[in-house]
**Student:** 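Quick one: structure below, then a few questions.
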Amino acid sequence: MIVDDRVLREDFVPSEVVHRHDEVNLLSESLEPLLYGRRADPAFCFGPTGVGKTCIARYTLAQLREQEPAVEVAYVNCWQEYTRFRVLYSVLEAVGRTIDIHRSTPKDELFGRLRETDDRPIVVILDEVDQLEETAALYDLHRLGHVSLVLIANREEELFASFDDRVRSRLRAGTRVRFDRYGTDELTAILAERADKALEPGCISGEQLRTIADAASGDARVGIGILRSAARRATQQGRERVTDDVLEAAIPDARTAIRRKTVEGLIEHQRVLYDIVADVGEVEPGDLYDEYERRVDDPKTNRTLRNYLTKMVHYDLIEAVGERRGRTYRIIDDDAVGRE
DNA sequence: CTTCCACAGGAAGAAGAGGAAA
DNA sequence: TTTCCTCTTCTTCCTGTGGAAG
């Protein structure tokens, strides 16, 4: 039933975009200087999750490279690469200059190395850039004359609030590309496009695609996840096509699958914390720490737990309600996911 | 109103890891 | 091998805030 599995993966970049032509045009316009051997001003993509920011950025740069193959593109996801070192390293890796660089190479040397690679222009896409903990990396990259930046984040105000003054003033100029949530029709069209490429003809109906689009409430990532999971389930059960009950079962899958993946990425102590919050549902910090110490042999300190918790809040695994005294942590309820 | 308490989160540095150089 | 270097992670210490208790 599944003809081409790659099309349903998260990092798939389609060769045609559906419903985002204005955004593509705006972004490629801002990158135009690169065609004339000049550097482009920083470009920003803002919008909630699952609206195609990453996809459009990659797509636009793929297009650019067709016109100007000398341009190197480095894609860095700041969820994983959140230190100055890791960002610089990822960029070097993307342009193939990481030979003889190891984890204790001084950051300044990484920067120096990057400065030497100015024979070709580099476009650095920093995805989820609001997760970056050391904005010095932005400052570094901006200082390099052959590096153009494409920054992807949820909200402009929050992003700029996290910058220090030096970075903020430098990045104030630049193109903003804003992405709105997909409507059900748009998302249905996107899903139809993917289903067409990924699945055998006729194994999912337009009505079913619409159901998926509806359940995903504007989030293409979730929508595609549901489609993928429905197709897999149907295949496992040896069906010719996606039936309505298979689809029904696949809908909750997609969101929990994303969460499960994140939980698996947690280290042991973080998972204990997560489990406690999951067990209790809602818990006050003091009780949480006590319970944690009860469950673990060799407990980390309080301060470390607080770091873990903020990280987990960032990951959208748990939610912190209230500030300071009287704050509680709780599991995010699925109904609340999807609104911003 | 003042003092106390619970909590968040910044800063600095100690500990540990692992590769390079000697 | 040992020593050195720098990274990351965790801890220690500390400040600020706002509700509760006195």
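Here is how names work: the chains are called A, B, and so on, in the same order as the sequence lines, proteins then strands, and each is numbered from 1.
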**Student:** Regarding A:Y308, tell me which of base, sugar-phosphate or nothing describes its non-hydrogen contacts under 4.0 Å with the strands shown.
**Tutor:** sugar-phosphate
**Student:** Are there any protein N/O atoms within less than 3.5 Å of an N/O atom in nucleotides 11-17 of chain B, and if so, which ones and at what distance?
**Tutor:**
from, atom 1, to, atom 2, distance (Å)
B:dA17, N3, A:R103, NH2, 3.3

**Student:** Categorize A:R84 for me: base, sugar-phosphate, or nothing, with a 4.0 angstrom heavy-atom threshold over every strand shown.
**Tutor:**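 No contact at all - A:R84 keeps every heavy atom at 4.0 Å or more from the nucleic acid.
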**Student:** In whole Å, I'd like the distance from the CG atom of A:N307 to the C1' atom of B:dG10.
**Tutor:**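 In whole Å, B:dG10 C1' and A:N307 CG are 10 Å from each other.
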**Student:** Do A:H269 and A:Y308 have side chains that approach each other closer than 4.5 Å (heavy atoms only, starting at C-beta)?
**Tutor:** yes
**Student:** What is the distance, rounded to the nearest whole Å, between atom CZ of A:F85 and atom P of B:dG18?
**Tutor:** 14 Å
**Student:** Report the residue (A:K311 or A:R306) whose heavy-atom-nearest nucleotide on DNA chain C is the more 5′ of the two.
**Tutor:**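 In this pair, the answer is A:K311.
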**Student:** Calculate the interatomic distance between A:L309 atom CG and B:dA8 atom C1'; express it in whole Å.
**Tutor:** 11 Å
**Student:** Are A:V51 and A:D180 side-chain neighbours, meaning at least one heavy-atom pair lies under 4.5 Å?
**Tutor:** no
**Student:** Need one value for A:G326: base, sugar-phosphate or nothing, where a base atom within 4.0 Å counts as base even if backbone is also close, heavy atoms only.
**Tutor:**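 A:G326: no heavy atom of the nucleic acid under 4.0 Å.
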**Student:** Measure the distance from OH on A:Y289 to C1' on B:dG9 and round it to the nearest whole Å.
**Tutor:**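 Distance check: A:Y289 OH to B:dG9 C1' gives 10 Å.
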**Student:** Under 3.5 Å, sequence neighbours excluded: what are the donor-acceptor pairs made by side chains of residues 274-289 of chain A?
**Tutor:**
from, atom 1, to, atom 2, distance (Å)
A:D279, OD2, A:R295, NH1, 3.4
A:D279, OD2, A:R295, NH2, 3.1
A:E282, OE2, A:T328, OG1, 2.7

**Student:** Anything under 4.0 Å to a heavy atom of chain A counts; send over the first and last such nucleotide of DNA chain C, read 5' to 3'.
**Tutor:** C:dT6 to C:dG19
**Student:** Please confirm whether A:R20 makes a cation-pi placement over A:Y182, using NZ or CZ under 6.0 Å from the six-membered ring centre and within 45° of the ring normal.
**Tutor:** yes
**Student:** Mark yes or no: A:R294 above the aromatic ring of A:Y292, with NZ or CZ under 6.0 Å from the six-membered ring centre and no more than 45 degrees from the axis.
**Tutor:** no
**Student:** Return the CD to SG distance between A:E156 and A:C45, rounded to the nearest 0.5 Å.
**Tutor:**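 Going from CD on A:E156 over to SG on A:C45, the span is 12.0 Å.
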**Student:** How many Å lie between NE2 on A:H102 and C1' on B:dA20, as a whole number?
**Tutor:** 6 Å
**Student:** Hey, does the Lys NZ or Arg CZ of A:R176 hover above the aromatic six-ring of A:F44, less than 6.0 Å from the centre and inside 45° of the axis?
**Tutor:**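 A:R176 over A:F44 ring: yes.
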**Student:** Please determine whether the number of non-hydrogen atoms from other residues, nucleotides or ligands lying under 6.0 Å from atom CD of A:E207 exceeds 12.
**Tutor:** no
**Student:** Can you tell me if CD on A:E240 sees more than 12 non-hydrogen neighbours from other groups inside 6.0 Å?
**Tutor:** no
